[in-house]
There are 2 protein chains.
Amino acid sequence: MAKKPDLLPGTLDMLILKTLTRAPLHGYGIAQHIKRISDDVLTVEEGSLYPALQRLLLQGWVKAEWKMTETNRRARYYTLTIEGRKQLGLEVSEFERMIAAIGRVLQDQEA
Amino acid sequence: MAKKPDLLPGTLDMLILKTLTRAPLHGYGIAQHIKRISDDVLTVEEGSLYPALQRLLLQGWVKAEWKMTETNRRARYYTLTIEGRKQLGLEVSEFERMIAAIGRVLQDQEA
DNA sequence: TTCTATCCATAGTTTATCTATATATTCAAA
DNA sequence: TTTGAATATATAGATAAACTATGGATAGAA
């Protein structure tokens with residue numbers, strides 16, 4: 001039996017960037033937000049999350065800053081950059097183009 | 001600049017299985033069909049296609065048979081099995097569940 | 001004080017896709 | 001007639017993303 005994936009591969013960076021359009025947020029909060037808004041369908045494992053955040057930093061799509069949370073915990077807050085916002089737009093367009101194309105294949109009638 | 005992917009990772013098996021609901025077909029024809037029906041958005045590279053077909057055979061979701069094409073060429077025709085049809089249903093449900101969840105994240109309003 | 005939730009991070013594995021390459025045949029064009 | 005494009009299969013090796021499994025640390029509640 002094939003196990004259900006936690007994510008659609010290739011969509012994690014987009015989901016993180018989108019989450020950061022609301023406000024700067026730390027990694028743990030990003031993962032929580034994605035899980036909650038998706039009604040528990042999408043789960044971001046730590047082993048996927050932190051490498052993804054490193055990628056985004058390296059690309060200059062987010063910047064990071066250590067701060068204290070409301071509950072007095074040390075956390076690294078990520079903020080979307082201008083380039084990151086642009087990148088999000090590109091990724092969303094491409095994603096929509098892809099799922100529309102997949103939709104055409106899936107809806108193609110047999111017989 | 002990130003290169004546009006040819007496919008959304010994780011969706012190829014589903015696309016192949018769906019293509020085979022129409023009629024048995026050889027690998028080359030499957031790739032052509034997906035490309036055509038998707039309006040050239042989805043391109044299945046040979047290095048993705050043939051390993052995918054091996055996976056599907058191994059899982060018992062398709063069976064294969066060598067035949068001659070209409071143009072008198074030797075080709076391996078793949079046929080969807082009962083299990084393959086069932087699997088397709090599962091994969092389509094899961095895919096739709098995922099994209100609906102991603103849609104909720106993407107549509108979440110900032111501000 | 002012990003457990004749960006919050007928070008970060010990396011090492012190593014797995015898996016899918018892609019690039020590149022190899023082989024072979026048919027048919028049309030030059 | 002030979003050359004190239006399209007048809008057809010397949011694998012090896014590289015790349016990249018995600019996952020499993022760890023490890024560490026602190027706050028606050030029970």
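Chain A is the first sequence line, chain B the second, and so forth, proteins listed ahead of strands; every chain is numbered from 1. None of the values given here were measured: they were computed from a predicted structure.
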In whole angstrom, give the distance that lies between atom [atom1] of [X] and atom [atom2] of [N].
| X | N | atom1 | atom2 | value |
| --- | --- | --- | --- | --- |
| A:L12 | D:dA16 | CG | P | 16 Å |
| B:Y28 | C:dT26 | OH | P | 16 Å |
| A:D6 | D:dA17 | CG | C1' | 13 Å |
| B:L8 | D:dA18 | CG | P | 11 Å |
| A:W66 | C:dA9 | CH2 | P | 4 Å |
| A:R76 | C:dA9 | CZ | C1' | 10 Å |
| A:N72 | C:dA5 | CG | C1' | 15 Å |
| A:L7 | D:dT20 | CG | P | 11 Å |

Heavy atoms under 4.0 Å, any strand shown: does [X] hit a base, just sugar-phosphate, or nothing?
| X | result |
| --- | --- |
| B:G27 | sugar-phosphate |
| A:G10 | sugar-phosphate |
| A:T43 | nothing |

For residues [X] and [Y], determine if any side-chain heavy atom of one lies less than 4.5 Å from a side-chain heavy atom of the other.
| X | Y | result |
| --- | --- | --- |
| A:L20 | A:T79 | no |
| B:I102 | A:F95 | yes |
| A:T19 | A:I37 | no |
| B:V41 | A:R104 | yes |
| A:P5 | B:M98 | yes |

Quiz item: A:R73 side-chain donor-acceptor pair to D:dT26 base, under 3.5 Å: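 Pair found.
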Distance-only donor-acceptor test (3.5 Å): side chain A:E46, base C:dC8: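 It does, because a donor-acceptor pair links the side chain of A:E46 to the base of C:dC8 below 3.5 Å.
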Closest-nucleotide ordering on DNA chain D, the 5'-leading residue of A:T71 and A:V44: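 Nearest-nucleotide comparison on DNA chain D picks A:V44.
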Main-chain N/O of B:R73 paired with B:T71 side-chain donor or acceptor, under 3.5 Å: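 Not at all, since once roles are kept as given, no pair shorter than 3.5 Å links the two residues.
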Listed once per pair and sorted, the ring-ring contact (aromatic ring centres under 6.0 Å, His included) pairs that draw on residues 27-47 of chain B, sequence neighbours left out: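 Of all non-adjacent pairs touching residues 27-47 of chain B, none passes ring-ring contact (aromatic ring centres under 6.0 Å, His included).
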B:T69 side chain, from C-beta outward: closest of C:dC7, D:dA8, C:dT19: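 For B:T69, the side-chain atoms sit closest to D:dA8.
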Closest to side chain of B:H26, choosing from D:dA8, C:dT19, D:dA10: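 Of the options given, the side chain of B:H26 lies nearest D:dA8.
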Close approaches to DNA chain C from residues 48-58 of chain B, in residue order (heavy atom, under 4.0 Å):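 Contacts with DNA chain C under 4.0 Å: B:S48, B:R55.
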